[in-house]
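Written below as structure tokens is the structure these notes are about.
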Amino acid sequence: MSVRVRFAPSPTGSLHIGSARTALFNWLFARHHGGKFLLRIEDTDSLRSTTENTKSIFEILKWLKIDWDEEPVIQSNRLERHKEVANNLLKNGAAYHCYCSQEELATKKERAVKSGKSYQYDRTCRNSNRKIDGINPVIRLKTEYSGNTTVDDIVQGEVTIHNSQLDDLILLRSDGTPTYMLSVVVDDHDMEITHVIRGDDHLTNTFKQIQIYNACHWNVPKFGHIPLIYGPDGAKLSKRHGAASADDYRDLGYLPEALSNYILRLGWSHGDDEIISREQAIEWFTLENVGKSPSRFDTPKLRSLNSHYIMEASNESLLERTLPFIRCEISEIQRSRILRGMNGIKSRAKTVIELADLASIYIAAPSNFDDSCTKYSTKQHIELLLDVISIIESTTPLLEEPLCEYVKELAKKKNVKLIEIAQAIRGALCGKLVSPSVFEIIEILGMEESISRIKRFVDYFK
RNA sequence: GUCUCCUUCGUCUAGGGGUCUAGGACACCGCCCUCUCACGGCGGCAACACGGGUUCAAAUCCCGUAGGAGACGCCA
């Protein structure tokens, strides 16, 4: 039987980074086994689900290069099927109507908690077979309460619980809508899912779901529960930590290659390998290599990976990715300057935002000069800059190498260190003392623009 | 509270009884390169949660303890 897995997000927000990893693991598992990767949108919580969220989930998955086979299943379209299954269970005695009111149950629960006991539905209606007119009953499953249930989880290993831990879960609410527990089981069965790979917050749900599978006499799929991702402080990763969704990281200037490499290595490993291509990931991925312990999200490592993928990317593709982060319209000449300067800035940027920031030197003259520049604005520096202007004017073609040589000669002649001249030029060209090589910048900006920027600096500090 | 799971450098991890004076990566620190900052190169710091077993031998197996996490909804 060929592998069929699914990723089943609820469109109640943007895609959490942990969910993105679940999607990636499912996708890799499917591709590794030559199986199918399906999508199911669990939108039955109509209050919180939106089509915008669904759209953004599709988009971010595409951005991460996670593609799916077959049409996505929209869970809300399957209500009738879910009801049908619940009613069948009712008919053959595997489920029953429960008339207990929510108030009644809340009281019982409160009492249990107060006396320090764990709460479970007490099966009043199952035992009494009561029927109360004027109340819409829920449908509950008759769960097995003796013996054990064991899940042979691919990631977690064998996990066993006593059936006495389970209570008679609700299949259909009093308004006739199915619960999550029912819907997942029915959908996974109908979609012929062979392996359910999801976050380990679902591990205990699995035992309940197995009861539903058994009641329906359906085959139980294999399960793999992967650990969650936590923030640096060990708490569940959330907005509180700054960024928690894949969209957040995209907007922060991370490359999809870097993000997916990072989340792949979070909780999964292949020996000492760190940089892993998609092809290698598909070849190497197995659930057995997923660790059982939860892991913490570490932004510095993501940044390092991102810088690696920035270095690896072609200058053209980097330019395309940088453009959306540049606020203003840019001309053809600015565009070609950025492209020529890309080699110089890509090693200095860890995110695309930083790339855009560095690229600004090729877009416009500095709007102001950093305080640090004043150190290189003394009378002597100004004189040196005037000499540099002459050098620029007389260097044809205006190339980095000869320019550098001539300025070095100037430094020797004037008996100053090269750094004194270079930093003054840098301040003039960029408005700050950190940038790529100043001679490279001059070559790219050309004579006119370079001299104009230096003159502005000279005038400003004269 | 009940049930379930987890615990190797700060972080992600390698490790399947002897090859572990515990390896790699990120971060951090030093040095080199150097027109600044990066990149790159070289080097350094740094961990088997604790306590008992089993064994000739334990990071590796077993049992406790402590700490952490998750689940206990007419949410998904």
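Below, read A as the first sequence line, B as the second, and so on, with proteins coming before strands; counting in each chain starts at 1.
- Within the 4.0 angstrom heavy-atom criterion, no nucleotide atom of any strand lies near Lys417(A).
- When the P atom of rG70(B) is taken as reference, atom CG of Asn205(A) falls 14 Å away, rounded to whole Å.
- Each of Arg48(A) and Arg296(A) was matched to the nucleotide of RNA chain B holding its nearest heavy atom; the match closer to the 5' end belongs to Arg296(A).
- Asp200(A) has its CG atom 6 Å from the C1' atom of rG70(B), to the nearest Å.
- With hydrogens and angles left out, the side chain of Thr204(A) and the base of rC3(B) share no donor-acceptor pair within 3.5 Å.
- Using a 4.0 Å heavy-atom criterion, one finds that Phe439(A) contacts the bases of the nucleic acid, with or without backbone contacts as well.
- Residue Val434(A) places its side chain closer to rC37(B) than to any other of rC37(B), rA76(B), rC26(B).
- Considering only side-chain atoms of Glu400(A), the nucleotide from rC35(B), rC39(B), rA71(B) that sits closest is rC35(B).
- Residue Lys208(A) places none of its side-chain N or O atoms closer than 4.0 Å to OP1 or OP2 of rA71(B).
- Of the candidate nucleotides rC26(B), rA69(B), rU36(B), rC26(B) has the atom lying nearest to any side-chain atom of Ser304(A).
- Atom CG in Leu302(A) sits roughly 18 Å away from atom P in rA25(B) (whole-Å rounding).
- Between the CZ atom of Phe207(A) and the C1' atom of rU4(B) there is a distance of 7 Å, rounded to whole Å.
- In this structure, Arg40(A) atom CZ and rA76(B) atom P are separated by 13 Å, rounded to whole Å.
- For rC61(B), the paired nucleotide is rG53(B), the pair qualifying as Watson-Crick or G-U wobble because both relevant distances are below 3.5 Å.
- Note on Gln156(A): only backbone sugar-phosphate atoms sit closer than 4.0 angstrom, heavy atoms only; bases stay farther off.
- Within 4.0 Å (heavy atoms only), Thr177(A) reaches no atom of the nucleic acid at all.
- Taking side-chain N and O atoms only, Arg303(A) has no distance below 4.0 Å to OP1 or OP2 of rA27(B).
- Note on Ser49(A): nothing from the nucleic acid sits closer than 4.0 angstrom, heavy atoms only.
- When Watson-Crick and G-U wobble pairs are counted only if both distances are under 3.5 Å, rC42(B) pairs with rG30(B).
- Across all strands, Asp175(A) comes closer than 4.0 Å to no nucleic acid atom at all (heavy-atom distances).
- Salt bridge absent: Lys292(A) and Asp200(A) never bring a charged side-chain N and a carboxylate O closer than 4.0 Å.
- Phosphate contact (OP1/OP2 of rC5(B), side-chain N/O of Lys292(A), threshold under 4.0 Å): absent.
- Side-chain contact between Leu355(A) and Phe325(A) is absent, with no heavy-atom pair separated by less than 4.5 Å.
- The distance from atom CG of Asp188(A) to atom P of rA76(B) is 15 Å, rounded to the nearest whole Å.
- Among the heavy atoms of the strands lying under 4.0 Å from Leu433(A) is at least one base atom, whether or not backbone atoms are also near.
- The C1' atoms of rC3(B) and rG44(B) are separated by 47 Å, rounded to the nearest whole Å.
- No hydrogens or angles considered: a donor-acceptor pair under 3.5 Å links the side chains of Asn163(A) and Thr149(A).
- Base pairing of rU21(B): no nucleotide in any strand meets the Watson-Crick or G-U wobble criterion (both distances under 3.5 Å).
- Using a cut-off of 4.0 Å between Lys/Arg side-chain N and Asp/Glu carboxylate O, Asp387(A) and Lys414(A) are scored as salt-bridged.
- As judged by a 4.0 angstrom heavy-atom cut-off over every strand, Lys408(A) is placed among residues touching the sugar-phosphate backbone only.
- Between Phe223(A) and Tyr213(A), the ring planes lie perpendicular to each other; the angle is over 60°, past the 30° to 60° tilted range.
- At a threshold of 4.0 angstrom between heavy atoms, the contacts of Ser269(A) are confined to the sugar-phosphate backbone, with no base atom among them.
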Take Phe7(A) and Trp68(A) through the test ring-ring contact (aromatic ring centres under 6.0 Å, His included) and record every step on the way to the result.
CA-CA 9 Å; Phe7(A) 174 59; Trp68(A) 52 94; 9.8 Å; no
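- Here the separation of rG15(B) from rU65(B), taken at their C1' atoms, is 25 Å to the nearest Å.
- Mapped onto RNA chain B by nearest heavy atom, Glu158(A) and Asp201(A) fall at different nucleotides, with Glu158(A) at the one closer to the 5' end.
- Residue-level contact check: Gln165(A) touches the backbone only, with heavy atoms under 4.0 Å from sugar-phosphate atoms and none from bases.
- If you check rA76(B), rU11(B), rC39(B) against the side chain of Met181(A), the one that comes closest is rA76(B).
- Across all strands, Arg265(A) comes closer than 4.0 Å to base atoms (heavy-atom distances).
- In this entry the distance linking CG of Asp153(A) with P of rA71(B) reads 16 Å, nearest Å.
- Side-chain to base pairing of Arg426(A) with rC35(B): one donor and one acceptor N or O lie within less than 3.5 Å of each other.
- Out of rC3(B), rG70(B), rC74(B), the shortest distance to the side chain of Ile170(A) is found at rC74(B).
- For Ser293(A), the side-chain atoms get nearest to rU7(B) when compared with the rest of rU7(B), rC26(B), rA76(B).
- Closest contact between the side chain of Thr179(A) and the listed nucleotides rG24(B), rC74(B), rC39(B) involves rC74(B).
- Taking atom P on both rU60(B) and rG16(B), the two are 12 Å apart, rounded to the nearest angstrom.
- Cation-pi geometry between Arg140(A) and Tyr121(A) is met: under 6.0 angstrom from the ring centre, within 45 degrees of the axis.
- Minimum atom distance to the side chain of Ser437(A) is reached by rU36(B), of the listed rA76(B), rU36(B), rC74(B).
- Asp190(A) and Arg78(A) are joined by a salt bridge, as a carboxylate oxygen and a charged side-chain nitrogen come within less than 4.0 angstrom of each other.
- Among the protein residues, His202(A) comes within range of the nucleic acid bases, having at least one heavy atom under 4.0 Å from a base atom.
- Side-chain proximity of Val159(A) to rG70(B), rC35(B), rC5(B): nearest is rC5(B).
- Taking side-chain N and O atoms only, Ser295(A) has a distance below 4.0 Å to OP1 or OP2 of rU13(B).
- Side-chain to base pairing of Ser435(A) with rC37(B): no donor and acceptor N or O lie closer than 3.5 Å to each other.
- Within 3.5 Å, a donor on the side chain of Asp272(A) pairs with an acceptor on the base of rG23(B), or the reverse.
- Judged by Watson-Crick or G-U wobble contacts below 3.5 Å, the nucleotide rC74(B) has no partner.
- Ring planes of His270(A) and Trp268(A): parallel class, angle under 30° (limits at 30 and 60°).
- Ring pair Tyr254(A)/Tyr249(A) is tilted by interplanar angle, where 30° to 60° counts as tilted.
- Base pairing annotation: rC5(B) forms a Watson-Crick or G-U wobble pair with rG68(B), both donor-acceptor distances under 3.5 Å.
- Residue Pro436(A) is in base contact, counting any heavy-atom pair closer than 4.0 Å across all strands shown.
- Syn is the glycosidic conformation of rG16(B), whose angle stays within 90° of 0.
- Using a 4.0 Å heavy-atom criterion, one finds that Cys98(A) contacts no nucleic acid atom at all.
- In the interface, the side chain of Ser347(A) is paired with the base of rA38(B) through a donor and an acceptor atom under 3.5 Å apart.
- Summarising the geometry, the separation between CG on Leu266(A) and C1' on rA25(B) is reported as 13 Å, rounded to the nearest angstrom.
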